[in-house]
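Have a look at the structure below before the remarks.
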Number of protein chains: 2
Amino acid sequence: MPDQPQEPRRTPLSRDRVLRAAVAFADAAGIDALSMRRLAQELGVVPMALYKHVANKEELLDGMVEVVFAGIEGQVPGSDWKGAVRGRILGARATLLAHTWAAQVIRSRTSPTPAVLAYLDSVIGMFRAGGLSTDLTHHVMHALGSRVLGFTEELFDNPAGASGAPQDDRAQAAAYEAMARQYPHVTELARSVAHDRRSVVGQGCDDRFEFEFALDLLLDGFGRLHGEGWTSTP
Amino acid sequence: MPDQPQEPRRTPLSRDRVLRAAVAFADAAGIDALSMRRLAQELGVVPMALYKHVANKEELLDGMVEVVFAGIEGQVPGSDWKGAVRGRILGARATLLAHTWAAQVIRSRTSPTPAVLAYLDSVIGMFRAGGLSTDLTHHVMHALGSRVLGFTEELFDNPAGASGAPQDDRAQAAAYEAMARQYPHVTELARSVAHDRRSVVGQGCDDRFEFEFALDLLLDGFGRLHGEGWTSTP
DNA sequence: ACCTGAACACCGTTCAAGT
DNA sequence: ACCTGAACACCGTTCAAGT
């Protein structure tokens, strides 16, 4: 008799299945909840079984980034370099928004995985195809920084620091007054944002608008330098 | 007889001493090595003694950021808004370079601590003093993102992925060849950087140049929009 | 040869027992 | 009232014992 397993083990484990399960788990429970032990449990497997398919947790995280980056869209054929880069980066942004943990994991890696390299290669290629020199393209890529991957460090979640324990109206007004005295410019800005968006305080900003505002400002600046024949060593 | 401690306990513990010890420890051993237990050991104290001065590790990290931001210089009096902001941000960058772990810790916090808020308030005040509208200043702050704090996500440590196990020359050449085929644009860029800097492959880039390149590009863009009377709601 | 339970060396934090 | 040792509920990973 062949040695079939008695327990109904759904599917044989594979590196791909491990990575996809990890991505799904992080999507659902967050990256902090992801541990080797919990992932194993999710797969109905003993923790050490995972180490057959990934060398360690670092490699698991790298693999998760690979899975995510494999799904990036945004090749816009027939546009100039500015439109091409813009479309590609917004495509990356859309993908990363679908996996809220991904930006954090990418940040924690020190060297890029193949899929990330392939993505970057395609963006660099767009600048080069547009006629930008390797010199300018190099500095341009640095200036984009993590924005080229579709995310940026937003400084805070809420513009006016609306966190904290619930308070009665009087205490809240007093706290607001104290804040306005200590941080007048921050408060002014927060108030104007709330007013502009005709909303309650602390709703937050239009992330997509802010991302495109900065991206277009940078791309326009790149175009201007390119037009002037800019070089780093004059 | 008063109840003096028999053991020669150097200095009575205080919140400030705990925070400064934590900063010094992270400076020396890195942020990953910092644990409540190791910090207590460093201070010659039982782990639970720390919890008298900080509620938990989160509060410890917040406090460490406060200590670092209290030391930021860079108020340049008598310059226009562009020079003032530039000087202040480069001051923040100098401080963060002295505490390599700080950027990572700031990133992990969701809401800003008072010293960070005070710093941001001063930068916003510089834009406002220069005549920029609250509307433009708001989007400008978003466009700067973490750069306003003096750091940016650099994508990798080494431009050409020079990591990996040591190899003989032939294997290395083959790996390089394979890389050039798979990521032609990345390779071209890495090669041109190495050539421009007349150095061995993988020395890396001039971080200060890259930071200022992007900062000045953004500040010039802000100035242009300001001059045009830009508004987000035309 | 393959698989895996127990163990190791850590965490941050709670809690009850000691002074 | 204050302080603290032991304990709890976790980690990632090693390793030796079992099949």
Side-chain angles (χ1 to χ4, degrees), chain A residues 1-19 21-23 25-26 28-65 101 104-105 107-110 113, chain B residues 1-19 21-23 25-26 28-65 101 104-105 107-110 165:
Chain A
M1 240 189 183
D3 52 346
Q4 301 266 5
Q6 279 82 350
E7 314 96 6
R9 194 173 289 171
R10 296 174 189 168
T11 322
L13 217 53
S14 70
R15 182 181 165 86
D16 194 64
R17 217 164 83 77
V18 169
L19 296 181
V23 167
F25 185 88
I31 194 70
D32 287 343
L34 178 73
S35 71
M36 299 297 277
R37 291 166 123 104
R38 285 224 47 184
L39 178 59
Q41 188 181 308
E42 208 75 11
L43 284 160
V45 146
V46 84
M48 285 313 298
L50 298 178
Y51 286 81
K52 192 113 305 167
H53 301 99
V54 288
N56 48 37
K57 194 178 181 182
E58 299 281 287
E59 202 181 291
L60 177 76
L61 293 171
D62 279 339
M64 292 168 71
V65 172
W101 48 269
Q104 184 184 329
V105 171
R107 272 193 266 129
S108 73
R109 315 284 80 202
T110 54
T113 52
Chain B
M1 240 187 184
D3 52 344
Q4 301 267 4
Q6 279 82 350
E7 314 96 5
R9 194 173 289 171
R10 297 176 189 166
T11 322
L13 218 55
S14 70
R15 183 181 166 87
D16 193 64
R17 219 165 82 76
V18 168
L19 297 182
V23 167
F25 185 88
I31 194 70
D32 287 342
L34 178 72
S35 71
M36 299 298 277
R37 292 167 122 104
R38 285 225 46 183
L39 178 59
Q41 189 182 306
E42 207 75 12
L43 284 161
V45 146
V46 83
M48 284 313 298
L50 299 178
Y51 286 82
K52 193 114 304 169
H53 302 99
V54 287
N56 49 38
K57 194 178 183 183
E58 299 279 289
E59 202 181 290
L60 177 75
L61 293 172
D62 279 339
M64 292 169 70
V65 173
W101 48 270
Q104 183 185 330
V105 172
R107 272 193 265 129
S108 73
R109 316 283 78 204
T110 54

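No hydrogens, no waters, no symmetry mates; every other heavy atom, side chains included, goes into these values.
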| query | Nearest nucleotide by nearest heavy atom, which residue falls closer to the 5' end of DNA chain D, A/M48 or A/A33? | reply | A/A33
| In whole Å, what is the span from the CG atom of B/L61 to the C1' atom of C/dG12? | 12 Å
| So do B/W101 and B/D32 actually touch side chain to side chain, heavy atoms under 4.5 Å? | no
| note | Whole-Å distance, A/L13 CG to C/dC2 P, equals 16 Å
| said: I need the CE-C1' distance between B/M36 and D/dT4, as an integer number of Å. | reply: 15 Å
| remark: Here the distance between atom P of D/dC11 and atom CG of A/L60, to the nearest Å, is 14 Å
| Rounded to whole angstroms, how far apart are CG on B/L50 and P on D/dT4? | 11 Å
| Who is the Watson-Crick or G-U wobble partner of C/dG5, with both distances under 3.5 Å? | D/dC15
| Whole Å only: how far is the CD atom of A/E59 from the P atom of D/dG12? | 15 Å
| field | Heavy-atom closest pair, residues A/L13 and A/R17 | value | CD1-NH2, 3.9 Å
| message | What is the distance, to the nearest angstrom, from the CG atom on A/L34 to the P atom on D/dG12? | response | 8 Å
| request: To the nearest Å, give me how far apart CZ (B/R37) and P (C/dT13) are. | output: 11 Å
| request: Compare the minimum distances between each of D/dG5, D/dG12, C/dT13 and the side chain of B/K57, then state the nucleotide with the smallest one. | output: C/dT13
| Side-chain N,O (A/K52) to OP1/OP2 (C/dC2) below 4.0 Å | no
| message | What's the gap between D/dA9 and C/dA9 when it is taken at their P atoms, as a whole Å value? | response | 22 Å
| Do B/M48 and B/M36 come within less than 4.5 Å of each other through their side chains, counting heavy atoms only? | no
| query | How do B/S35 and A/A49 order along DNA chain C: which one's closest nucleotide is nearer the 5' end? | reply | A/A49
| Exercise: identify the closest heavy-atom pair between B/L19 and B/L60 | CD2-O, 3.8 Å
| said: Whether the side chain of A/R15 engages the backbone of A/K52 through a donor-acceptor N/O pair (distance < 3.5 Å, no angle test) should be reported. | reply: no
